[in-house]
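Here's the structure we're looking at; comments come further down.
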Protein chains: 2
Amino acid sequence: MVQKSKPPAVASEPERRGGPKRRGRPRAYEPEVALGKALDLFRKQGFAATSLDDLSEATGMNRPSLYGAFGDKRELYIKSYQRYREEARASMAEIFREDMPVRQRLERIFASALNIYLSGETGPRGCFTVVTAASEAVGDPEIRAMVLDGLTELDKAFASCFRRAKEKGELPESADPVVLAQLASATVHSIAIRSRARVSRKELEAIVKGAIDVMLGAKQ
Amino acid sequence: MVQKSKPPAVASEPERRGGPKRRGRPRAYEPEVALGKALDLFRKQGFAATSLDDLSEATGMNRPSLYGAFGDKRELYIKSYQRYREEARASMAEIFREDMPVRQRLERIFASALNIYLSGETGPRGCFTVVTAASEAVGDPEIRAMVLDGLTELDKAFASCFRRAKEKGELPESADPVVLAQLASATVHSIAIRSRARVSRKELEAIVKGAIDVMLGAKQ
DNA sequence: TGATTTTTGTACCATCTCGCAAAATAGTCC
DNA sequence: GGACTATTTTGCGAGATGGTACAAAAATCA
């Protein structure tokens, strides 16, 4: 009953101009925006510490509207996480679109991660996957599956990055793309955690640089 | 009630120093044991998702006793974390006591971490530092300082490990102990997160092995 | 024995929690 | 204009939450 009879207007644009006008009282909120606000909150505080009142205040929707639009708290959490993943995936795909040296690609990936983790008005927002893994993944199989999926997606992206590099001769034949990818993912996880402890951007960038050097064999 | 109401008469160390015998009603619990139970719970569920009722049930203490012994929920959380850190530090010190090849020492450190993260009756317990960083560190300066301290402690331990190795000629002169330590820490963080998503011990061990190989220059 | 001290057990409070059901509102379609 | 539809608003209720008050219980001390 919530989103069943909703017209397939998935794209946000056709709504405002000459679109197939929705019947009934118009919404006082924009779902995309509201979901973004919810995402911010969940990312900052985690699931349990975020109350419906918090969400209601942040989104500007009162609880029943929230409930009607996104389902209960857990569903909203899952939808927020999905949206987060989509955004992360998009910026990742962007980096993989054009051709460039491995080092540069790695730098851009890590820079993108840092931007995601450090941006935020009230402090670093961190990584949703890490927050979720820490709190909800143990007890909720569905959420755990999403976390697992997020982790392996990152692994695969890095692995393909290193595989390409090997093909182009940027890495020695002895290099193992999967192992290097796990190290790169680990670096991401590490800066995700450290960013929450308010480690400075400078230090995090230094960690990234050191990790890249080792992975590309500049050191050692 | 988990802890039975047996008198603590012959507790591990009831009273030291000639036993000036506590006056008043004897405790029905052992603080050390109770704190351990609280630690388990917090580690599993995080701060917000753990209620005083949960803690009361797990420790076998009712709320007033809990409050009297450890203070409010936040204080209990902090005390739990301190105890966790002490245990981790102890097992780390153990590994640093005797002399051994770097690879072996690294293997033992990671094995110790894996044991800590994976043990648990109701599933992997994960790393308190990661859980705390994800949930509480952003909002609570005191807790954040503890997390930061825990992170740098691990970094330093690894750094000293690599420094020793370099002195003994186990690593090339070009190796940077600090950078390698950050990579090692990152690997720990990564397996801490992955363990919560129920990644199998086997996979985690493979990640560790790959990371060690790269750090010691066996690959590349 | 009785006084003192410490802990325990029960009960309680004020607040917050999530979820829901009406009722009011604002638009579209005929 | 009136019927219809989708959304918002208000408000509620059963239960959980963190924290506390108070008296009974159990030990030591005098």
Side-chain angles (χ1 to χ4, degrees), chain A residues 1-9 14-34 38 41-42 45-79 136 140, chain B residues 1-11 14-15 18-31 33-34 38 41-42 45-80 136 140:
Chain A
M1 66 183 184
V2 176
Q3 297 191 328
K4 212 180 296 180
S5 53
K6 193 172 160 186
E15 289 270 324
R16 38 168 53 156
R17 269 289 192 183
K21 300 236 176 186
R22 304 176 61 97
R23 295 177 59 134
R25 178 169 176 169
R27 285 176 170 155
Y29 61 92
E30 295 175 50
E32 306 280 329
V33 179
L41 255 192
F42 276 135
Q45 304 176 343
F47 179 81
T50 302
S51 72
L52 282 188
D53 277 338
D54 293 340
L55 292 165
S56 181
E57 191 187 1
T59 59
M61 305 163 63
N62 44 28
R63 260 170 297 174
S65 295
L66 216 52
Y67 195 82
F70 304 111
D72 67 8
K73 192 181 167 185
R74 179 174 168 279
E75 278 185 79
L76 178 52
Y77 188 79
I78 291 179
K79 289 195 170 74
E136 306 311 309
D140 191 316
Chain B
M1 295 302 177
V2 176
Q3 290 194 44
K4 302 189 177 167
S5 52
K6 71 159 193 191
V10 202
E15 310 305 335
K21 295 232 177 187
R22 303 178 62 101
R23 288 178 60 135
R25 179 170 175 169
R27 285 174 170 156
Y29 61 91
E30 294 175 51
V33 178
L41 256 192
F42 277 134
Q45 306 176 339
F47 179 81
T50 302
S51 72
L52 283 187
D53 278 337
D54 293 340
L55 292 166
S56 182
E57 192 187 1
T59 58
M61 304 163 64
N62 45 28
R63 260 173 296 179
S65 296
L66 216 51
Y67 198 83
F70 303 110
D72 67 9
K73 192 181 166 186
R74 180 174 166 277
E75 279 185 79
L76 177 53
Y77 187 79
I78 291 179
K79 288 195 170 74
S80 299
E136 306 311 309
D140 190 317

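A, B, ... follow the sequence lines: proteins, then strands. Residue 1 opens every chain.
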Is any side-chain N or O of [X] closer than 4.0 Å to OP1 or OP2 of [N]?
X        : N       : result
Asn62(A) : dT9(D)  : yes
Ser65(B) : dT8(C)  : yes
Tyr67(B) : dG18(D) : no

Provide, to the nearest angstrom, the distance between the [atom1] atom belonging to [X] and the [atom2] atom belonging to [N].
X        : N       : atom1 : atom2 : value
Met61(A) : dT7(D)  : CE    : P     : 10 Å
Leu52(A) : dT9(D)  : CG    : P     : 16 Å
Leu66(B) : dT7(C)  : CG    : P     : 13 Å
Lys73(A) : dG19(C) : NZ    : C1'   : 12 Å
Tyr29(A) : dA26(C) : OH    : P     : 17 Å
Asp54(B) : dG15(D) : CG    : P     : 18 Å
Leu55(A) : dG19(C) : CG    : C1'   : 14 Å
Leu76(A) : dT17(C) : CG    : C1'   : 15 Å

Taking only the side-chain heavy atoms of Asp72(B) (C-beta and beyond), determine which of dA26(D), dG19(C), dG19(D) contains the nearest atom.
dG19(D)
Step through the shown structure and confirm whether more than 12 heavy atoms of other residues, nucleotides or ligands are within 6.0 Å of CD on Glu75(A).
yes
Between Pro64(A) and Asp53(A), which is nearer to the 5' end of DNA chain C once each is assigned its nearest nucleotide?
Asp53(A)
Regarding Ser56(A), tell me which of base, sugar-phosphate or nothing describes its non-hydrogen contacts under 4.0 Å with the strands shown.
nothing
Side chains of Tyr67(B) and Lys73(B): closer than 4.5 Å at any heavy-atom pair?
no
Could you tell me if the side chain of Leu55(A) sits less than 4.5 Å from the side chain of Phe42(A), heavy atoms only?
yes
Go through the steps to decide whether Ser56(A) and Asp53(A) satisfy the test side chain to side chain donor-acceptor pair (under 3.5 Å), and finish with yes or no.
CA-CA 5 Å; Ser56(A) 181; Asp53(A) 277 338; 5.4 Å; no
If you find the nucleotide of DNA chain D closest to Ser51(B) and the one closest to Arg25(B), which residue's nucleotide is nearer the 5' end?
Ser51(B)
Would you please name every residue forming a side-chain contact (heavy atoms from CB on, under 4.5 Å) with Asp54(A), sequence neighbours left out?
Leu41(A), Gln45(A), Thr50(A), Ser51(A)
